[in-house]
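Both backbone and side-chain heavy atoms feed into the values below; hydrogens, waters and symmetry mates do not. Just so it is clear, the model here is predicted, and its values are computed rather than measured.
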Amino acid sequence: MWHCKNLGDAMLSGIELDKIKQQAKADAPLFVRYVAKHGLHCEVIVYFPPAASELAKQCLASPCLAPEQQDLTAL
């Protein structure tokens, strides 16, 4: 099962995103999507594949459907 976590505004999410990157394992790559919500600001959403379910739990990520591959970037 996939999980996701919305880190909020991209300008303010750097510290939390760095922490998640440090905890990620090479055998379970994570993905990120930048979503424009209102005007110039965008939100950062991190997607955890099934192989990273333990990390997803640690990060309090929510279950979600597998994300579409468009606009995803591997961390």
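Using a 4.5 Å heavy-atom threshold, the side chains of V44 and Y34 count as touching.
For the atom pair CG of L75 and CG of D18, the computed distance is 10.0 Å after rounding to the nearest 0.5 Å. If you take CG on L72 and CD1 on I45, they are separated by 10.0 Å, rounding to the nearest 0.5 Å. To the nearest 0.5 Å, atoms CD (E68) and CG (D71) are separated by 9.5 Å. With values rounded to the nearest 0.5 angstrom, I20 atom CD1 is found 12.5 Å from I15 atom CD1.
Counting all heavy atoms, side chain and backbone alike, F48 lies closest to A61 at CE1-CB, 3.7 Å.
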Which atom pairs, donor and acceptor, lie under 3.5 Å between side-chain atoms of residues 3-10 and protein residues at least two apart or in another chain?
unit_1	atom_1	unit_2	atom_2	d
H3	ND1	M1	O	3.4
K5	NZ	C59	O	2.8
N6	OD1	G8	N	2.7
N6	ND2	E43	OE1	2.8
D9	OD1	M11	N	2.7
D9	OD2	H41	ND1	3.2

Trace of the side-chain contact (heavy atoms from CB on, under 4.5 Å) decision for Y47 with V32: CA-CA 6 Å; Y47 291 93; V32 67; over 6 Å; no
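One hydrophobic cluster, built from ILVMFWY side chains closer than 4.5 Å, holds both L55 and L17. No path of Ile, Leu, Val, Met, Phe, Trp and Tyr side chains, each step under 4.5 Å between heavy atoms, connects W2 with V46, placing them in separate hydrophobic clusters.
Qualifying salt bridge (charged side-chain N to carboxylate O under 4.0 Å, His left out) partners for K19, counting only residues two or more places apart in sequence or in other chains: none.
Using modelled atom types, one side-chain atom of R33 and one backbone atom of Q70 make a donor-acceptor pair closer than 3.5 Å.
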